[in-house]
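In what follows, chains are A, B, ... by sequence order, proteins preceding strands, each numbered from 1. Values in this document were obtained by computation on a predicted structure and should not be read as measured data.
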Amino acid sequence: MPFIPHTKKDIEEMLQTIGASSIEQLFDEIPKDLRSGELKEIPEGLNEQQMMRLLKERALQVSDDLNFIGAGAYEHFIPAAVWDITSRGEFLTAYTPYQAEASQGTLQLIYEFQSMMTSLTGMDVSNASLYDGASALAEAVLMAVRANSKAKARKILIPMTVHPAYRMTVKTTVHNQKIECIEIPYDPKSGVTLLETLQKYNGQDIAGLVIPYPNFFGQFEAVDALTDWAHAEGALAIAVVNPMALAILKEPGVWGERGVDIVCGEAQPLGIPLASGGPYAGFMCCRQEWVRQMPGRIVGETTDKDGKIGYALTLQAREQHIRRSKATSNICTNQGLLVTAATIYMSLLGPEGLARVAQQCHTNTKHLVDQLTQISGVEKVFSGSYFHESVIRLPKAPSEILEALALCSIQGGYDLSKDYPELGNALLVCATETKSETDISLYACALEQVLHANKKKVSELKTVTVSEN
Amino acid sequence: MPFIPHTKKDIEEMLQTIGASSIEQLFDEIPKDLRSGELKEIPEGLNEQQMMRLLKERALQVSDDLNFIGAGAYEHFIPAAVWDITSRGEFLTAYTPYQAEASQGTLQLIYEFQSMMTSLTGMDVSNASLYDGASALAEAVLMAVRANSKAKARKILIPMTVHPAYRMTVKTTVHNQKIECIEIPYDPKSGVTLLETLQKYNGQDIAGLVIPYPNFFGQFEAVDALTDWAHAEGALAIAVVNPMALAILKEPGVWGERGVDIVCGEAQPLGIPLASGGPYAGFMCCRQEWVRQMPGRIVGETTDKDGKIGYALTLQAREQHIRRSKATSNICTNQGLLVTAATIYMSLLGPEGLARVAQQCHTNTKHLVDQLTQISGVEKVFSGSYFHESVIRLPKAPSEILEALALCSIQGGYDLSKDYPELGNALLVCATETKSETDISLYACALEQVLHANKKKVSELKTVTVSEN
Amino acid sequence: MSQTIFDKSTAGRHAGSQLPKLSEVQGDIPANLHRKTKPLLPEVSEMQTVRHYTQLSKKNFSIDTHFYPLGSCTMKYNPRGVHKAASMSEFLQRHPYQLESSSQGFLECIYELQEYLKDVTGMKGISLAPMAGSQGEFAGVAMIRAYHEARGDFERSEILVPDAAHGTNPASAVMCGYKVHEIPTGPEGDIDLEALKAAVGPKTAGIMLTNPSTLGVFERRIQEVSRIIHQAGGLLYYDGANLNAILGEVKPGDMGFDVMHLNLHKTFATPHGGGGPGAGPVAVGERLKPYLPLPMVTKEDNHYRWLTPEDCPNSIGRLSAFAGNTGILLRAYIYIRMLGRKGLKRVGEFSTLNANYLMAKLKQAGFTLAYPKRRASHEFIITINPEKKKLNVNAMDFAKRLLDYGFHAPTTYFPLLVPECLLIEPTETESKNELDAFVDALIKIRKEAETDPDLVRNAPHTMPVKRLDDVKAARELNLRWKSKD
Amino acid sequence: MSQTIFDKSTAGRHAGSQLPKLSEVQGDIPANLHRKTKPLLPEVSEMQTVRHYTQLSKKNFSIDTHFYPLGSCTMKYNPRGVHKAASMSEFLQRHPYQLESSSQGFLECIYELQEYLKDVTGMKGISLAPMAGSQGEFAGVAMIRAYHEARGDFERSEILVPDAAHGTNPASAVMCGYKVHEIPTGPEGDIDLEALKAAVGPKTAGIMLTNPSTLGVFERRIQEVSRIIHQAGGLLYYDGANLNAILGEVKPGDMGFDVMHLNLHKTFATPHGGGGPGAGPVAVGERLKPYLPLPMVTKEDNHYRWLTPEDCPNSIGRLSAFAGNTGILLRAYIYIRMLGRKGLKRVGEFSTLNANYLMAKLKQAGFTLAYPKRRASHEFIITINPEKKKLNVNAMDFAKRLLDYGFHAPTTYFPLLVPECLLIEPTETESKNELDAFVDALIKIRKEAETDPDLVRNAPHTMPVKRLDDVKAARELNLRWKSKD
Ligand SMILES: Cc1ncc(COP(=O)(O)O)c(C=O)c1O
Ligand SMILES: Cc1ncc(COP(=O)(O)O)c(C=O)c1O
């Protein structure tokens, strides 16, 4: 019996103690007509060996291509130490740290995570994670509405330069509470939100303004002006950021005159593998004044009976297990293990390492865009600088081109034509620090071939050693 | 500086404390003319990311074929838990447990390993490992000579059915001490050592007789008769065994009238990956009376100041760090981590699991031999039953056939024609419990094609799901 | 000893082999966008990081180290093989937007998991999108709202929730814009049917309950509850946190539930990670299928693909940027494949056997059961109220002292309606020996409470810290490390 | 608490998902060959195994958890990335007899490692076959014997070994059939040259020494030693255990050594695994090349292959069944690739800096250096003799008390010629902060020895067990678990 330790003798003795004649009898309070028959769809069990072979076969049907997709999930190099330690049983198989004295490992780690995140974002307070970046933004919107002193303000402005899936998630989450999300169009030249566009909401009951940074196109919004506009309008400024970018870019805590109110985003770039989109970890930081509106767990330093420093979950009166229907959120299980990985990752990289990763991602993407746009028919879509993603326009439908690139073992980017039909055959591309010069040339060469079917063959390039990055 | 934590400031302060002006100065006791120049053959360093890519490229040049080779190293399924736990830093990065109080984890584990090994072999005492099976046999031979009361006996009989590399290792090790190894031929029909062949050594100064089980051809030696012959001749009986086989086969402790004196062998089948031949772990067990002749570490149970049970290295007076030139062996560093893996493996498998693995290996190999010998021109070489390896004869040179099979992603066995030219085009094949019916058919089919280039194609078979085993 | 990583930091130090090589030309991010201050991240060597977090890990209790009978949390063994298989590089490296044509092996697993979970729950449709139980609840209640509104019924403003319910239930209802109406529980742990009847009406959007309930007993009149709610036009939501108890025995779909979530991190053995991640798939009967959240996987001519908003125009939408906690889904899939249909049924059987055995032993030992006339489900409640009255040692003291004995504490002070309660869930993966040892420890602690009550009141004594001051933590908020100088 | 796995075993229990499926027909092993009794292996569940060995691991000190300044052992950080790269499935699954044509990527690594190590040592030939230092020593001395015998010189029956040498040196010489002649050490740690001159002669096969020696000092007159030995017709063996100190600074080949081993598990950071595995490649000058043990890898026309006995007719032969501890070789290779030529040189520099700093600090703190006039190499010795005389607290007491302070003890009572010695080797991967903390601990312990000597004499107090009775362990031999019933 996989994972069940009972011997025949155990079972007999246990039933005897209970005073039951069979295990079956233990279910005698369940109405007979409800007892169900066999599970039909579930196959016979496999031992670990059989299972490993099955899963290896499945894995073989997932190709291991060179990846140039970004769009909210970024391939970074993850040092071996990160998951070696994160996978230790004591982190992996512990529950939420309710019994603080038996959970000091997890609790201190979260406290350290909070310290790192507040510093990266320039905020006072961080929570211990939310599900992912998109749901974190949804929670930030709810929080802004709760926190905003203008009691009736239930409108949130969300630029269309926010990740489309984030916008959908926010909508799904907040519309039941009759909060209205107003989408703000972007400037088709620069791919960012213009202050002019916001002006028409002057004087309205706006609870919050969302500021993506870098935005979905990889471009830099005018964060100072946007933050100040929000504050001038009595709205909360909500930054949704890539934490990796903050290693080199101005932190939201110092945007504009006063800094933003809430910062949220996706911690995936910090040591969390792509893994088809999850588990990742949403994060949220805010200014001290809003701490009691914060959703999710928070860890605080305290002392024990002997005055020794220790850590515990705190401000639990915000949470569902204490406050129930009056909680700041329904979240309970969060993404603790990913926080563990992110904390170890940030510790290994340090300020210098993180800055270098961010810098090199930028450099590589710029190099990629330069190379791709030298191909005839391929052009840049937006002016202005970008972080580590950028939009290019292709002469044909991206979906077709992406399938053709996949035949060269290249995942070429994110097809924007569905979410942003107005951009035409637009593709969002990304080259993180994991890409070498050769990788980038390989992509350029493959695209050239797909579009113009000539020039050097991809296979030639492939023999070049790829360890030079 | 990879792995060196010093900052500039640290270095300055440290030099100041030392009273040196530079690190260079710390080497001033070394004669100037000895100071060497740059390392020339060593390339520039790589960061972890670059290194991982380089090694992945190297790994891609090691093919991941279906493996039917045995010959002393066996592919068994290794449960994930084995190396998950073995790789924990506390096991992986500890030193030899000299400070017993700070090493109870390793020490108790070795004590448990010793308990398991003595029971598997039917002996009284086990050590904590030697390097590998071959060097363990060499140590067993030295031990037999030391232990043997007939002071002048320096002859050891080694059947040719012992692994050829083991015989070479023994020779390299013992000939410096003027010990003579006499090789005993096998019966060409049954592939085992006949008692008659030994009779000519009756009454000679034989210190020990080596008994391989199963022998290198996979066949079963007449262990009872051989053991009794040795004892009748005043020689020690040394069994060299596959511990996996002992899960179902009679343990050396009960061979013949009195059981053997020393059992050694290779622990690799117990949860240790093939890994090109190492690190593995040699083991050695013996009867109580020989314990002080044992080479290697031994752990014993003892008590602490409070009378609480604990574990410590014991009988250290046998060892080089105490006894120096009078030690039982020069061994110091052994194969502790592999012992860790083997212990966890045996605990996970238990007596039932281990017996099933052994049984299924036998069944699969029998099935393989049946299928292969149905191919015209392929025949069995020896009569009698075998454990999980067997010798077949091919119509062409095995080396050629093996290269051809490799093109079908099959590693087809161990070519015996160099070590045993008298057997002709002989090949030693093995199918452990990791092989499914399909795998075995795949091999048969590939061999058929290689030999006769017709019938069903290998590629057809390959599409059959392989998770059925 | 309990230094933070920041205390170990020295300016200018770094883990050299983690620094990427920089290209010579470094792009063109305008200088005014650069950050002015170095973020407060540790500056430590690789070994310092490894040592610090390895040492921290050792301060945790966990399934891999301790019996962890935390009620309502199903802390069972998390198979190492499952973790390994789900960690194969092809799975870890797959970008969420990798083309479907390059991802069939992954999509196949997800698709089959959908099918399996429908079988297990007796439901007709499923979305694996929710990232934990509470998000599943949110999605389920949002679908209930969508269903009523699609029928033009905008009057239903209330969700009924039994008083024993988990905190996420009322919180999720409120997140969906509903008011919460609490329904009391009867003396034997079943819902008070009269109160229920009195509460239902045209405002009732639905009821959320779990069965067996968090009181550790099976709601015997579930069919009647279902009838009452359905007659009033409401829908029934099933909180799947306790599914472990009835796996292969009863299906929520057969009990009359319209929508439910599963906690894969409980029932399907995915590790809890010190707080998460989990996954909370939401399954529905026929009526709610159109509203399921995205994404889902469908199979067409042996090709697997994601369903799009165009395929599901009435979906409540998305709950996350991508496809939820897919790594956890993969683990649940693998776990199911390992157990198979027989193994899954045994989970229900043996988790129930273990709970009833432990309950019987504790009763024999003189502890007070909250529901002495009932069978335990996979968990049960004892109350320390008698001990508290007699010895002034409370449930929390017992819980903390258990830590000294090497057992994680049961859930304390939940459900709220049983005073001084310990909610005990042993799960099926613990052996009889372990359960016996746990009973022995509780007996010893009670003896200590009689002879040396301060020993228990001041517990724990052997943890890295003694009992912590929660009040101080909340009053003197210290939520991040600050340099002392 | 410290139950063995056997104490947790219950007859008939097993880890179900580890049982292979059996075929129906089960082969034909004759019944008389079957074993009659079930072997005493634990019968436990998978979770019990995981929990038991996870808990056991927590009782160890290790590099990943503690500063471990064990002299002569070079306990430095073992990079996690190296372990991961060497654990790629292609490397782990490769059968030792897999065809060369299917193994080029692996053989390339091994070949390059051979080349790199020749560069590092200044030697002309190398075999990676030996599986640890002591096997390297054996192989080296066996080659010395083969060399003399090939020249028809059968008279040389002695190997000289300084009294400070590691125990493996004399033991290895004896295993090769030599007698051992000990050479005394002078007051400043150098070899007594007069004694050496007196000892050499026609019986001298060679000398084994390490430089820097296990006394933590560099043998300053090594060139003279070399001249004396060579003039007598002997050869010089270099014990490479201390190579960390001089990596990139001096090459043994340049010092005049003819043959040496390296400890990859020391200098090249492969983890020591609680006792092993290691690898002890043996490198030689031109004269001994023909005798190198098998196997080795050669490169021909960009193709890598193993050398065979036919290629090397004078080889001393094999030392193991296959190619030695190849997994360790791979790790050393990867480590070298990560450090590169500059990084390797820094190892020598910073291990020396750390040792000299620690020595200076301890001297300042009033501890007694064994060789106060000398530079430390990568390690150094203090003697607790003054403390012992004054306070009756000895080196072992200091060592055990250090455990309570969270530091692994230095090597104690070795080398044998310094009384009450602690041989301290910090390695280059420790930070100044850590070294300072270690000094503080030693100062505190000395204060304790003055004020409360029993506290130190009875240490340790915080380990899983108190001080263990070694005498009892040897006298009442209990070497395996036996059932109590
Ligand atoms: C009964 C019950 N319902 C709901 C939940 C919420 O599930 P999750 O923590 O996955 O959000 C839990 C878990 O804590 C629970 O025990
Ligand atoms: C100086 C010295 N020489 C030789 C050895 C033996 O090396 P190994 O343990 O690898 O056999 C050691 C290690 O213990 C040592 O410290």
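A side-chain N or O of B/E403 and one of D/S101 form a donor-acceptor pair less than 3.5 Å apart. A donor atom on one side chain and an acceptor atom on the other are found under 3.5 Å apart for D/S134 and B/Y131. D/N60 and B/T106 share a side-chain donor-acceptor pair at under 3.5 Å.
For D/K118 and B/E41, the salt-bridge test fails: no basic side-chain N is under 4.0 Å from an acidic carboxylate O. Between B/D124 and D/R480 a salt bridge is recorded (basic side-chain N to carboxylate O distance below 4.0 Å). With respect to D/K342 and B/E44, a salt bridge is recorded, a charged nitrogen being found less than 4.0 Å from a carboxylate O.
Contacts of B/K56 with chain D are made by both backbone and side-chain atoms, with heavy-atom separations under 4.5 Å. If you measure heavy-atom distances from B/K366 to chain D, the contacts under 4.5 Å come from the side chain alone. For B/Q411, the part sitting under 4.5 Å from any heavy atom of chain D is the side chain, from C-beta outward, and nothing else. Only the side chain of D/L477 comes within contact range of chain B, with at least one heavy atom under 4.5 Å from a heavy atom of that chain. Residue contact with chain B, scored on non-hydrogen atoms closer than 4.5 Å, involves the backbone of D/S103 exclusively. Using a 4.5 Å cut-off between heavy atoms, D/M75 contacts chain B through its side chain alone, with no backbone atom that close. For D/V180, the part lying near chain B is the side chain, with the backbone staying farther off; criterion is any non-hydrogen pair under 4.5 Å. For B/F3, the parts lying near chain D are the backbone and the side chain together; criterion is any non-hydrogen pair under 4.5 Å. When heavy atoms are compared at a cutoff of 4.5 Å, B/F77 approaches chain D solely by way of its side chain, counted from C-beta outward. Using a 4.5 Å cut-off between heavy atoms, B/I23 contacts chain D through its side chain alone, with no backbone atom that close. Heavy atoms closer than 4.5 Å to chain B are found in the backbone of D/E430, but not in its side chain. Residue contact with chain D, scored on non-hydrogen atoms closer than 4.5 Å, is absent for B/I322. Heavy-atom distances place no part of B/V254 under 4.5 Å from chain D, backbone and side chain included. Both the backbone and the side chain of B/V357 come within less than 4.5 Å of a heavy atom of chain D. For B/I30, the parts sitting under 4.5 Å from any heavy atom of chain D are the backbone and the side chain alike. Looking at B/M14, both its backbone and its side chain come within 4.5 Å of chain D, counting heavy atoms on both sides. Heavy atoms of D/A173 lying under 4.5 Å from chain B are absent altogether. Heavy atoms of B/S126 lying under 4.5 Å from chain D are absent altogether. Contacts between B/T118 and chain D at a heavy-atom distance below 4.5 Å involve the side chain alone, from C-beta outward. Only the side chain of D/L403 comes within contact range of chain B, judged by heavy atoms closer than 4.5 Å. Within the 4.5 angstrom heavy-atom criterion, atoms from both the backbone and the side chain of D/Y97 approach chain B. With a threshold of 4.5 angstrom between heavy atoms, D/R374 approaches chain B through its backbone and through its side chain. Interface remark: B/F220 contributes side-chain atoms only to the contact with chain D (heavy atom separation under 4.5 Å). For D/L319, the parts sitting under 4.5 Å from any heavy atom of chain B are the backbone and the side chain alike.
Annotation: side chain of B/T173 is in contact with side chain of D/F138 (closest heavy-atom distance under 4.5 Å). Side chains of D/L479 and B/T314 form a contact here, defined as non-hydrogen atoms less than 4.5 Å apart. Between D/H52 and B/S347 the shortest side-chain heavy-atom distance does not fall below 4.5 Å. Side-chain atoms of D/P39 and B/E251, non-hydrogen and from C-beta on, never get closer than 4.5 Å to each other. The shortest side-chain heavy-atom distance between B/R58 and D/E90 does not fall under the 4.5 Å cut-off.
Ranking D/Q104, D/K84, D/H83, D/H14 against chain B, the residue ahead of the rest is D/H83, based on heavy-atom pairs under 4.5 Å. By number of non-hydrogen pairs under 4.5 angstrom with chain B, the leading residue of D/R220, D/R375, D/Q93, D/M175 is D/R375. Per-residue heavy-atom pair counts under 4.5 Å with chain B were compared for D/D254, D/T352, D/N78, D/L339, and the maximum is reached by D/T352. Counting heavy-atom pairs closer than 4.5 Å to chain D, the top-ranked of the candidates B/S129, B/A317, B/A71, B/G19 is B/A71. Between chain D and the residues B/S276, B/G133, B/P79, B/S325, the largest count of heavy-atom pairs under 4.5 Å involves B/S276. Taking B/C332, B/A406, B/A327 one by one and counting their heavy-atom pairs under 4.5 Å with chain D, the maximum is reached by B/C332.
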Can you check side chain to side chain contact (heavy atoms under 4.5 Å, CB included) on B/E112 and D/F6, steps first, answer last? CA-CA 8 Å; B/E112 295 180 1; D/F6 303 102; 4.1 Å; yes
Apply side chain to side chain contact (heavy atoms under 4.5 Å, CB included) to the pair B/L274 and D/Q98, showing each step before the final yes or no. CA-CA 10 Å; B/L274 288 172; D/Q98 182 158 329; over 6 Å; no
Can you list the steps and then say if B/T17 with D/K361 is a side-chain hydrogen bond (donor to acceptor under 3.5 Å, both in side chains)? CA-CA 7 Å; B/T17 302; D/K361 290 274 285 189; over 6 Å; no
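The shortest heavy-atom contact between B/A165 and D/A321 is CB-O, 3.3 Å.
Considering B/I4, B/D10, B/I18 as possible partners of D/L353, the one that fulfils the side-chain contact (heavy atoms from CB on, under 4.5 Å) test is B/I18. Between B/Y95 and the options D/H272, D/H408, D/H265, a ring-ring contact (aromatic ring centres under 6.0 Å, His included) holds for only D/H272.
For an aromatic pair to be called close, the ring centres must be under 6.0 Å apart, and D/F350 with B/H6 satisfies this.
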